[in-house]
Q: 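Could you have a look at this structure, given as structure tokens, before my questions?
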Amino acid sequence: MNAQRLNLRGDLLPPSFYTSEDVVQLAQALIGKVIVSLVDGKYCSGRIVETEAYRAPEDKACHAWNNRRTHRTATMFEAGGVAYIYLCYGIHHLFNVVTGPKDKAHAVLVRAIEPLDNIPLMLQRRNMRSLHPNLTNGPGKWTQALGITTALNGIKLYTPDAPIQLRDDGYTVAKDELLTGPRIGVDYAGEWAKVPWRFRLAQNAYIGP
DNA sequence: CGTCCGATGAACT
DNA sequence: GTTCATCGGACGT
């Protein structure tokens, strides 16, 4: 699909956006950015409203904790700007933005988006009849709505014809609109379960509680 | 090879 | 509040 002809909203984030070693700051910077899906020749998009930062080697909640390199975690060690997508509970495809330089296993989990373009397509993929927050208000829900699966693990997010793209349409987030708290579902990680690395856009209908 | 279990979601009571 | 679908990864044997 030709991304130019589609007149996608905003500007593609350049590779330099992803190079910072401060994954916690990048998790905040990604709030408000647009994620575009061009899967199966169809276009849809949404605005990122909830993220979490994961940072190997020290972060015990990170799959690459202690710099564990396996077939699954290999993608996290690549240079920033690629997708790390893995299967959770055998059902859900969870999407992360890999950040930082090569061999630093840092990533931002996108937990929720606000739907923007082609909502009928998202409803169809989710087997829903009408717009409701549970269309895209969870990490396994929004990926289903956008047609994202592990088949796209490792793709570059910054090329103009990529099936998943991150874009900046000028939307800005004020400091007092950014909610901060501990990450979800990582109780096994001891002290690392408590670090405030989860970020949400305040007052948005698609964020989790 | 066997077992355990997860960065979840949906359908229950 | 609870249960469970469903499967690849991780790890021990």
Side-chain angles (χ1 to χ4, degrees), chain A residues 18 23-31 33 35 46 48-78 80 82-100 104-115 122-154 157 164 166 179-201 205-209:
Chain A
Y18 306 96
V23 65
V24 178
Q25 190 278 326
L26 277 176
Q28 298 170 65
L30 281 167
I31 298 289
K33 297 296 187 288
I35 184 158
I48 295 172
V49 296
E50 181 171 340
T51 62
E52 285 174 359
Y54 288 85
R55 191 177 73 191
E58 66 272 27
D59 174 13
K60 207 168 183 180
C62 182
H63 290 160
W65 171 70
N66 204 20
N67 279 337
R68 181 171 60 183
R69 284 181 190 258
T70 65
H71 178 67
R72 177 172 68 151
T73 64
T75 314
M76 293 187 79
F77 289 87
E78 292 186 23
V82 301
Y84 169 49
I85 306 167
Y86 72 96
L87 192 63
C88 188
Y89 292 95
I91 307 170
H92 309 293
H93 301 259
L94 270 54
F95 171 91
N96 300 252
V97 179
V98 175
T99 70
K104 292 268 184 183
H106 297 177
V108 177
L109 171 69
V110 176
R111 291 192 57 89
I113 69 171
E114 174 185 354
M122 298 191 213
L123 289 170
Q124 184 182 8
R125 284 176 171 147
R126 293 269 298 137
N127 292 315
M128 291 171 59
R129 309 294 290 276
S130 59
L131 189 55
H132 184 276
N134 68 16
L135 178 65
T136 55
N137 68 355
K141 300 178 193 176
W142 77 262
T143 54
Q144 184 183 20
L146 266 59
I148 292 173
T149 70
T150 55
L152 298 172
N153 183 44
L157 300 168
I164 312 169
L166 293 179
L179 303 180
T180 302
R183 296 173 294 181
I184 300 296
V186 294
D187 293 345
Y188 58 87
E191 291 300 306
W192 289 97
K194 298 172 186 167
V195 297
W197 288 358
R198 178 192 186 205
F199 304 100
R200 289 172 293 162
L201 184 59
Y206 294 87
I207 62 171

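Naming: A, B, ... by sequence-line order, numbering from 1 per chain. This one's a predicted model, so the numbers in the text were calculated from it and none came from an experiment.
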Q: According to a 3.5 Å limit on both distances, what stems of 3 or more consecutive Watson-Crick or G-U pairs are formed with DNA chain C?
A: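 So far as stems of 3 or more pairs are concerned, DNA chain C shows B:1-6 with C:7-12, B:8-12 with C:1-5.
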Q: Could you tell me if the side chain of L131(A) sits less than 4.5 Å from the side chain of P115(A), heavy atoms only?
A: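 Side chain of P115(A) against side chain of L131(A), heavy atoms only: contact under 4.5 Å found.
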Q: With rounding to the closest Å, how many angstrom separate the C1' atoms on dA7(B) and dG1(C)?
A: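 Each nucleotide's C1' atom is 23 Å from the other's.
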Q: What is the distance from CD1 of I184(A) to P of dA7(B), rounded to the nearest Å?
A: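 After rounding, the gap between these two atoms is 13 Å.
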Q: Look at the side-chain N and O atoms of Y86(A) and state whether any lies under 4.0 Å from the OP1 or OP2 oxygen of dC7(C).
A: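 For dC7(C), neither OP1 nor OP2 has a side-chain N or O of Y86(A) closer than 4.0 Å.
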Q: Between protein and nucleic acid, restricted to nucleotides 11-13 of chain B and to nitrogen or oxygen atoms under 3.5 Å apart, what atom pairs and distances do you find?
A:
none

Q: Starting from the C-alpha separation in whole Å, work towards a yes-or-no answer on side chain to side chain contact (heavy atoms under 4.5 Å, CB included) for K104(A) and F77(A).
A: CA-CA 5 Å; K104(A) 292 268 184 183; F77(A) 289 87; over 6 Å; no
Q: L109(A) has an atom CG; how far is it from atom P of dA7(B), in whole Å?
A: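 The answer, rounded to whole Å, is 10 Å.
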Q: Starting at CE of M76(A) and ending at P of dG9(C), how long is that distance when rounded to a whole Å?
A: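 One finds 15 Å between P of dG9(C) and CE of M76(A), rounded.
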Q: Mind calculating the distance between CD1 (I85(A)) and P (dG8(C)) to the nearest angstrom?
A: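 Rounded to the whole Å, the gap is 16 Å.
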Q: Hey, which of L146(A), T143(A), L135(A), I207(A) is the one that makes side chain to side chain contact (heavy atoms under 4.5 Å, CB included) with I113(A)?
A: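 Answer after filtering L146(A), T143(A), L135(A), I207(A): L146(A).
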Q: Which part of the nucleic acid, if any, lies within reach of R183(A) when heavy atoms closer than 4.0 Å are counted: base, sugar-phosphate only, or nothing?
A: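 Result for R183(A) = nothing.
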Q: Below 3.5 Å is the cut-off: list the nitrogen or oxygen pairs between protein and nucleotides 11-13 of chain C, distance only.
A:
unit_1  : atom_1 : unit_2 : atom_2 : d
dC11(C) : OP1    : R68(A) : NH1    : 3.2

Q: Should we say atom CD of Q124(A) is surrounded by more than 12 heavy atoms from elsewhere, each under 6.0 Å from it?
A: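 It does not: Q124(A) CD has 12 such atoms or fewer within range.
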Q: Side chains of Q28(A) and T180(A), heavy atoms from C-beta outward: is any pair under 4.5 Å?
A: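 No, side chains not in contact.
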Q: Taking atom CD of E58(A) as the centre, report whether more than 12 heavy atoms of other residues, nucleotides or ligands fall under 6.0 Å from it.
A: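 Correct, the count exceeds 12.
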Q: Taking all atoms of both residues into account, what is the closest heavy-atom pair of C62(A) and M76(A), and its distance?
A: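 Looking at all heavy atoms of both residues, the shortest contact is SG-CE, 3.5 Å.
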Q: If you check the V186(A) side chain, which of dG8(C), dG9(C), dA7(B) turns out closest?
A: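 From the listed options, dA7(B) comes nearest.
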Q: Can you see whether W192(A) has K60(A) sitting over its ring - NZ or CZ less than 6.0 Å from the centre and within 45° of the normal?
A: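 The answer is no; the distance or angle limit is not met.
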Q: What side-chain donor-acceptor pairs closer than 3.5 Å can you find for residues 82-99 of chain A, not counting sequence neighbours?
A:
unit_1 : atom_1 : unit_2  : atom_2 : d
Y84(A) : OH     : H63(A)  : ND1    : 2.7
H93(A) : ND1    : T150(A) : N      : 3.1
N96(A) : ND2    : Y84(A)  : O      : 3.1

Q: When you measure from the side chain of R126(A) to the backbone of N134(A), do you find a donor-acceptor pair of N or O atoms at a distance under 3.5 Å?
A: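 Flag set: sc R126(A) to bb N134(A) pair under 3.5 Å.
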Q: Whole angstrom is fine here: how far is it from CZ in R69(A) over to P in dA10(C)?
A: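 That distance rounds to 13 Å.
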Q: For residues Y206(A) and L201(A), determine if any side-chain heavy atom of one lies less than 4.5 Å from a side-chain heavy atom of the other.
A: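 A side-chain contact is absent here, since even the closest heavy-atom pair is not under 4.5 Å.
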Q: Could you state the CG-C1' distance from L87(A) to dT6(C), rounded to the nearest angstrom?
A: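 In whole Å, dT6(C) C1' lies 8 Å from L87(A) CG.
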Q: Can you see if the side chain of H63(A) gets near the phosphate of dA7(B) - specifically, an N or O under 4.0 Å from OP1 or OP2?
A: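 Checking H63(A) against dA7(B): at least one side-chain N or O falls below 4.0 Å of OP1 or OP2.
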Q: Rounded to the nearest 0.5 Å, what's the gap from CD1 on I184(A) to CG on L109(A)? Could you check?
A: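 Reported to 0.5 Å precision, the distance equals 10.5 Å.
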Q: If every non-hydrogen atom of A107(A) is compared with every non-hydrogen atom of V23(A), which pair is closest and at what distance?
A: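 The answer is O-CG2, 3.6 Å.
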Q: Taking atom P of dA7(B) as reference, at what distance in whole Å does atom CZ of R111(A) sit?
A: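 Taking atom P of dA7(B) as the reference, CZ of R111(A) is at 11 Å.
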Q: Picking from dA10(C), dA7(B), dT8(B), which would you name as closest to the side chain of T73(A)?
A: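 Of the options given, the side chain of T73(A) lies nearest dA10(C).
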Q: Using a heavy-atom distance cut-off of less than 4.0 Å, which residues of residues 89-98 of chain A contact DNA chain B?
A: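 DNA chain B contact set from residues 89-98 of chain A: Y89(A), G90(A), H92(A), L94(A), N96(A).
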Q: Mind checking whether V186(A) and Y188(A) have side chains closer than 4.5 Å, heavy atoms only?
A: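 V186(A) vs Y188(A): side chains touch.
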Q: How about Q144(A) and R125(A): does a side-chain donor come under 3.5 Å of a side-chain acceptor?
A: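 Side-chain D/A pair, Q144(A) to R125(A): absent.
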Q: Can you tell whether the side chains of D59(A) and R183(A) come within less than 4.0 Å, N to carboxylate O?
A: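 Yes, D59(A) and R183(A) are salt-bridged.
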Q: Whole angstroms only, please: what is the CG-P distance between N153(A) and dG9(C)?
A: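 Whole-Å distance recorded here is 10 Å.
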Q: What residues in residues 123-149 of chain A put a non-hydrogen atom under 4.0 Å from any atom of DNA chain B?
A: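 Close to the strand are R126(A), G138(A), P139(A), G140(A), K141(A).
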Q: With no hydrogens and no angle check, is any side-chain donor or acceptor of T73(A) less than 3.5 Å from a backbone partner on R68(A)?
A: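 Confirmed, T73(A) side chain pairs with R68(A) backbone.
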